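Report on one structure; see the data block that follows.
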2 protein chains.
Amino acid sequence: MHNDDLVALSKIPLFAGLSLAQLEELTQAGFVHALPTGATLFEQGEMPGFLHVILRGAVAVVGTAPADQAADAPAHREAIITVFGANDALIAPAVLLTLPYMMSARVIEAARIAFLPAQAIRDLLANHAGFAQESALMLARHWRLLVRELKDLKLRSVSQRLAGYLLSLAPAAQTAPAQVALPFDRRVLASWLGTTPENLSRSIAQLGGLGVAIRGRKVHIADPDLLHRFSREDNLR
Amino acid sequence: MHNDDLVALSKIPLFAGLSLAQLEELTQAGFVHALPTGATLFEQGEMPGFLHVILRGAVAVVGTAPADQAADAPAHREAIITVFGANDALIAPAVLLTLPYMMSARVIEAARIAFLPAQAIRDLLANHAGFAQESALMLARHWRLLVRELKDLKLRSVSQRLAGYLLSLAPAAQTAPAQVALPFDRRVLASWLGTTPENLSRSIAQLGGLGVAIRGRKVHIADPDLLHRFSREDNLR
DNA sequence: CGAAATAATTGACCCAGATCAAACACGGTC
DNA sequence: GACCGTGTTTGATCTGGGTCAATTATTTCG
């Protein structure tokens, strides 16, 4: 494993408590891969072999509906459950519990990813108090992310979710007009927001009436405050 | 705190690693309340003061949409995000991270609940390796529960979710007809499944065609296997 | 550069599930 | 047993968002 990668890992809170020796032992049997958009890290149902840590890029975690084996096969559906970015560890729960993945993971933005052996991670959890503590805190944060998605899905419309998402891209600019860039293509964005590309288009058009102009991946938000009120977002993260 | 309660707590994996002395210290500043259906444990937005552990009964965790302050107030919506039962610890993430609750908690089945001071829990996380490890494992399990709900919501119909829920009530009876009882009233069930009571009724009627008879809270499943195929559930928990 | 492939938008239509409203079905209580 | 309130079902209608299909950008690449 390259030294830069080791340094990057050591800066992630989850591993910050490890001594250099421990970190080197952990990465001994691990490796780093650069993966292009579209690459699959693992499939739903597989047993986890590694904890994946994203050093750069982004990975979507997608759930796939059990295929219908009826004669009129209806194109197996799938949905992005959540997206992980740089410095995130990918699906620790399956790794820690030694249970099969409930979802598949696909690279959606060219990524550099560390593969750390699952057993070594489990050993760390059992033997390293600091690691266990950081694991708990990380999992707690991840839990809250999912809760937010669940609340969004049950309580807000597609347009509201889109509005909220656009605001989340803008760095805290509450009143001044903001200019942001969409990090993903429409298909990914749609699936993440829990809708279809067609509908996303319509929602984008709808937000035009609230001072949002989107051309390509460039987004101009004329009045963040107005948008925020429309999105009906609670501030709870 | 009553001694029976102490014993009950000590049997929960999360606290199993504590010595008797540590457990007593933890419960020193805590207490146990018996709460009727409808009681509220905490509200969305509040800062957590306690970790709640359910000794008996059940608690629903509900997200509420920010009220619309427009003139035509549209009855503030809310949705059950998940339900916790006996031996579950309620929303450790907010407690561990010292962040406001993202949801409210309401008793939906007469409950006996231990209130453990949040700060004591955080201290345990920092100082007790076994507790930190068990916390991580518990949070990992909870994460997978939410993932399942998210997948269900995005990929399956109300009837399919209902079918899956009914099967989850029946203890592993894969082939033989099964008789189960709904633990909650229709309103709660509907909200949990992500629908309305009216629609739940219709879904119930629909399942009649698959050998499911529901009268009151008694459910008779004539052919669990048929129901299972209809529900299109993957076995991933 | 221009053709082919891919991505995004637009339009027409459909459907699962929500909403509104009314009719029932009960368990309690007196 | 009659009364009342709550919980449940049924019916009619509406609608957000999905699906299908055709069109119009964008890329990608020879």
Side-chain angles (χ1 to χ4, degrees), chain A residues 36-38 65 68 72-80 108-110 152-163 165 181-209 212-219 230-232, chain B residues 36-38 60 65 68 72-80 108-109 152-163 165 181-209 212-219 230-232:
Chain A
T37 298
D68 191 342
D72 58 334
H76 77 111
R77 308 176 36 66
E78 67 174 46
I80 293 183
I108 55 173
E109 185 187 319
D152 281 357
L153 224 44
K154 286 196 173 184
L155 297 169
R156 296 162 79 215
S157 70
V158 170
S159 301
Q160 287 175 322
R161 274 176 266 157
L162 172 61
Y165 178 73
L182 300 177
F184 315 116
D185 66 29
R186 302 281 205 270
R187 187 150 32 199
V188 167
L189 201 49
S191 182
W192 193 10
L193 293 175
T195 186
T196 57
E198 295 95 316
N199 240 317
L200 175 59
S201 254
R202 288 182 247 272
S203 290
I204 288 174
Q206 187 189 332
L207 290 191
V212 177
I214 304 187
R215 218 173 41 260
R217 287 189 174 185
K218 295 265 168 283
V219 183
F230 168 78
S231 83
R232 296 234 164 285
Chain B
T37 298
D68 191 342
D72 57 335
H76 78 109
R77 310 175 36 66
E78 65 175 48
I80 293 183
I108 55 173
E109 185 188 318
D152 280 358
L153 223 44
K154 287 195 172 184
L155 297 170
R156 295 162 80 216
S157 70
V158 171
S159 302
Q160 287 175 323
R161 275 175 266 157
L162 172 61
Y165 179 73
L182 299 177
F184 314 117
D185 65 30
R186 301 282 205 268
R187 186 152 30 203
V188 167
L189 201 49
S191 182
W192 193 10
L193 292 176
T195 187
T196 56
E198 296 94 318
N199 240 317
L200 175 58
S201 253
R202 287 182 246 271
S203 290
I204 288 174
Q206 187 188 329
L207 290 191
V212 177
I214 304 187
R215 218 171 43 258
R217 288 192 176 183
K218 295 266 170 281
V219 183
F230 169 78
S231 82
R232 295 228 166 287

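Treat the numbers as computed from the prediction; the structure is a model and nothing was measured. Convention: sequence-line order gives letters A, B, ...; per-chain numbering from 1.
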Side-chain touch [X]/[Y], heavy atoms, less than 4.5 angstrom:
{"X": "Gln206(B)", "Y": "Val158(B)", "answer": "no"}
{"X": "Leu153(A)", "Y": "Arg161(A)", "answer": "yes"}
{"X": "Ile204(B)", "Y": "Leu207(B)", "answer": "no"}

Base versus backbone protein contacts along nucleotides 19-30 of chain D [heavy-atom cut-off under 4.0 Å; B, S, -]: BB----------

Send over the distance from [X] [atom1] to [N] [atom2], rounded to a whole Å.
{"X": "Leu189(A)", "N": "dA7(C)", "atom1": "CG", "atom2": "P", "value": "15 Å"}
{"X": "Ile214(A)", "N": "dT10(C)", "atom1": "CD1", "atom2": "C1'", "value": "16 Å"}
{"X": "Leu162(A)", "N": "dG16(D)", "atom1": "CG", "atom2": "P", "value": "16 Å"}
{"X": "Arg186(A)", "N": "dT10(C)", "atom1": "CZ", "atom2": "C1'", "value": "14 Å"}
{"X": "Asp185(A)", "N": "dT9(C)", "atom1": "CG", "atom2": "C1'", "value": "15 Å"}
{"X": "Phe184(B)", "N": "dG7(D)", "atom1": "CZ", "atom2": "P", "value": "16 Å"}
{"X": "Leu193(A)", "N": "dG16(D)", "atom1": "CG", "atom2": "P", "value": "18 Å"}
{"X": "Gln160(A)", "N": "dG16(D)", "atom1": "CD", "atom2": "C1'", "value": "12 Å"}

Closest-nucleotide ordering on DNA chain D, the 5'-leading residue of Arg156(A) and Ile204(B):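 On the 5' side of the pair lies Ile204(B).
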
Heavy-atom donor-acceptor pair, Ser191(A) side chain to Arg187(A) backbone, under 3.5 Å: no

Once rounded to the nearest 0.5 Å, what's the spacing between atom [atom1] of [X] and atom [atom2] of [Y]?
{"X": "Arg186(A)", "Y": "Glu198(A)", "atom1": "CZ", "atom2": "CD", "answer": "13.0 Å"}
{"X": "Leu155(A)", "Y": "Glu78(B)", "atom1": "CG", "atom2": "CD", "answer": "8.5 Å"}
{"X": "Phe184(B)", "Y": "Ile80(B)", "atom1": "CZ", "atom2": "CD1", "answer": "8.5 Å"}
{"X": "Asn199(A)", "Y": "Leu162(A)", "atom1": "CG", "atom2": "CG", "answer": "11.0 Å"}
{"X": "Leu200(B)", "Y": "Arg202(B)", "atom1": "CG", "atom2": "CZ", "answer": "10.5 Å"}

Divergence of helical axes at both termini of the helix from dC1(C)-dG30(D) to dC30(C)-dG1(D) - five pairs an end, 10° steps: 30°

Distance test, side-chain N/O of Thr195(A) to OP1/OP2 of dG18(D), below 4.0 Å: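 Yes, because at least one side-chain N or O of Thr195(A) sits under 4.0 Å from OP1 or OP2 of dG18(D).
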
Phosphate OP1/OP2 of dT8(D): any Arg187(B) side-chain N/O under 4.0 Å: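 False: Arg187(B) side-chain N/O out of range (4.0 Å or more) of dT8(D) OP1/OP2.
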
Closest to the Ser157(A) side chain, choosing from dG17(D), dG7(D), dT9(C):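 Of all the options, the side chain of Ser157(A) is nearest to dG17(D).
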
Among dA8(C), dG17(C), dG17(D), the one nearest Val158(A) by side-chain distance: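 Closest nucleotide to the Val158(A) side chain: dG17(D).
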
